[in-house]
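Working notes, beginning with the structure itself.
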Protein chains: 2
Amino acid sequence: MTNPIPNASATVPGGQARGDATRSRLLAAALDSFAIRGFHGTSTRDIAQSAGMSPAAVYVHYRTKEELLYALSAAGHRHVLQVVEEAAAMHTAPADQLREIVEQFAAWHARFHTNARVVQYEMAALTEEHKREIASLRRAVEMRVRAVIASGVARDEFTVRTPNTAALAVLSLGIDVARWYREDGPWTPEEIGQRYGDLALNMVRSSRSAC
Amino acid sequence: MTNPIPNASATVPGGQARGDATRSRLLAAALDSFAIRGFHGTSTRDIAQSAGMSPAAVYVHYRTKEELLYALSAAGHRHVLQVVEEAAAMHTAPADQLREIVEQFAAWHARFHTNARVVQYEMAALTEEHKREIASLRRAVEMRVRAVIASGVARDEFTVRTPNTAALAVLSLGIDVARWYREDGPWTPEEIGQRYGDLALNMVRSSRSAC
DNA sequence: GTCTATAGTTCGATAGAC
DNA sequence: GTCTATCGAACTATAGAC
């Protein structure tokens with residue numbers, strides 16, 4: 001799995017390679033600050049200093065601070081949607097699909113927790129137009145999870161009585177990982193994914209109804 | 001259930017009643033702004049204007065903007081801990097206790113979603129000392145949920161293999177309500193509580209193991 | 001306890017040299 | 001594309017009159 005932030009060093013030689021590398025450094029610096037202090041708690045001077053350049057140099061690459069946030073939010077949202085789509089495509093049985101989706105979704109929020117914090121908690125700082133664009137990516141993720149749960153219910157493999165609420169709930173499990181995850185914590189992203197995948201399957205298969 | 005923000009109108013006549021009423025107005029104004037724009041996205045001028053006073057008048061009642069945040073965060077945390085303790089005390093069977101806790105916890109995050117947002121997403125803006133004090137209240141909530149799940153596992157009423165992860169997960173369900181809840185949404189806080197209570201019970205009683 | 005006025009700092013963003 | 005220098009606005013918080 002690749003990093004959600006496009007890296008200039010992966011682009012073809014020549015062309016915009018050097019400029020792209022600087023943009024990547026800026027994105028990485030902004031991501032760290034936004035994740036720790038939030039968009040409004042971060043100054044453009046903070047970002048410039050982390051990226052090793054003057055405050056003015058930032059504006060050669062991004063016209064506003066919000067544009068930096070948008071680039072990070074969009075890249076993260078597109079990446080997480082791709083991860084969810086690929087997880088669903090790996091299986092045909094709804095139970096396998098749901099487990100895989102939750103596993104990858106939760107692991108993503110741990111592995112890329114700084115980007116995940118920006119994705120999940122800084123949407124309010126986007127311009128209205130950017131907010132709308134991001135919202136459609138989020139809708140796509142939710143619809144994918146709803147479809148998997150609905151198909152499991154239709155096949156009588158899931159017994160949950162409120163499938164759309166269950167979709168929201170399994171997404172909440174993964175999203176909240178971005179809030180509490182610490183790199184020096186006791187679990188790896190993969191372990192978190194596995195445990196949450198199990199719990200999510202339990203959620204949609206009520207023990208009462210199944211017995 | 002009372003409001004998490006202490007209201008001056010409930011205090012005895014005389015004494016600090018008038019001053020308390022002004023403090024309550026300030027707290028309410030700060031809460032609204034912090035919930036929508038975040039601590040760093042809110043200026044003391046915003047708060048003063050919402051409360052109908054001059055920017056300078058704020059400082060008669062609170063010495064810093066952070067002190068306002070701390071008052072809101074502490075009141076919210078103390079309230080949610082009380083709600084969880086009372087929910088646990090209502091029952092003796094772990095299944096009933098867990099359902100009641102999750103029901104009340106999730107409903108609280110919907111009913112008091114502005115306070116919940118401050119409680120869950122603005123901790124980083126507190127001073128180190130205030131952060132430590134709040135952290136101990138949060139620990140108390142988590143330990144209470146862990147104890148209920150552990151007792152259900154000990155009695156073979158719950159079959160979950162990772163009880164502490166399950167405790168974290170059921171709390172995540174409730175906490176994330178603060179992020180997505182809208183007052184004009186399709187569900188009442190009570191409905192959310194009931195549905196999430198069901199889902200949480202499913203989580204700790206794996207259908208596979210039970211059958 | 002409220003106000004007007006403002007000190008002193010920091011903010012986002014720009015100008016212009018190299 | 002980077003820098004130094006800075007503009008104009010907004011910020012937290014305080015001073016002092018009433």
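Chain identifiers are assigned alphabetically (A, B, ...) following the order of the sequence lines, protein sequences preceding nucleic acid strands; residue numbering begins at 1 within each chain. Please read all numbers here as calculations on a predicted model, not as lab measurements.
Electrostatic pairing of A:Arg117 and A:Glu122 does not count as a salt bridge here, judged by no charged N lying under 4.0 Å from a carboxylate O.
If you take CD1 of B:Ile47 and P of D:dA10, they are 17 Å apart, rounded to a whole angstrom. If you take OH of A:Tyr59 and P of C:dA13, they are 4 Å apart, rounded to a whole angstrom. Distance, B:Asp46 CG to D:dA10 P: 12 Å, rounded to whole Å. Rounding to whole angstrom units, CE of residue A:Met53 and P of D:dC3 are separated by 7 Å. A straight line from CD of A:Glu67 to P of C:dT14 spans 11 Å, rounded to a whole angstrom. Atom CG of A:Leu69 and atom P of C:dG12 are 13 Å apart (whole Å). Rounded to an integer number of Å, the gap from B:Leu26 CG to D:dA13 P is 14 Å. Protein atom CD of A:Gln49 is 11 Å distant from nucleotide atom P of C:dC11, rounded to whole Å.
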Inset, instruction - Given side-chain hydrogen bond (donor to acceptor under 3.5 Å, both in side chains), test A:Glu86 with A:Gln82 step by step and report yes or no. - result: CA-CA 6 Å; A:Glu86 286 176 2; A:Gln82 180 193 332; 3.0 Å; yes
Inset, instruction - Test side-chain hydrogen bond (donor to acceptor under 3.5 Å, both in side chains) on A:Glu100 and A:His91 and set out the steps. - result: CA-CA 8 Å; A:Glu100 190 75 40; A:His91 308 278; 2.8 Å; yes
Inset, instruction - Go through the steps to decide whether B:Thr165 and A:Arg195 satisfy the test side-chain hydrogen bond (donor to acceptor under 3.5 Å, both in side chains), and finish with yes or no. - result: CA-CA 8 Å; B:Thr165 304; A:Arg195 291 172 183 214; 2.7 Å; yes
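Distance from the side chain of A:Ala56 is smallest to D:dA5 among D:dA5, C:dC3, C:dA13. In this structure, of D:dT14, C:dT2, C:dA13, it is C:dT2 that holds the atom nearest to the side chain of B:Thr22. Looking at the side chain of B:Lys65, the nearest of the listed nucleotides D:dT2, C:dG1, D:dA13 is D:dA13. In the set C:dT4, D:dT14, C:dG12, C:dT4 carries the atom at the smallest distance from any side-chain atom of B:Ser54. Looking at the side chain of A:Ala57, the nearest of the listed nucleotides C:dC3, D:dT2, C:dG12 is D:dT2. With distances taken from any side-chain atom of A:Arg45 to the nucleotides C:dC3, D:dT2, D:dT6, the minimum falls on D:dT6.
A side-chain hydrogen bond (donor to acceptor under 3.5 Å, both in side chains) check over residues 61-77 of chain B, counting only residues at least two apart or in different chains, returns the pairs B:Glu66-B:His130, B:Tyr70-B:Glu133, B:Ser73-B:His77, B:His77-B:Arg138.
Taking a 4.0 Å limit (strictly below) on heavy-atom distances, residues 29-43 of chain B does not reach DNA chain C anywhere.
Between A:His79 and A:Phe112, the ring center distance clears the sub-6.0 Å criterion.
At most 12 non-hydrogen atoms from other residues, nucleotides or ligands lie less than 6.0 angstrom from CD of B:Gln49.
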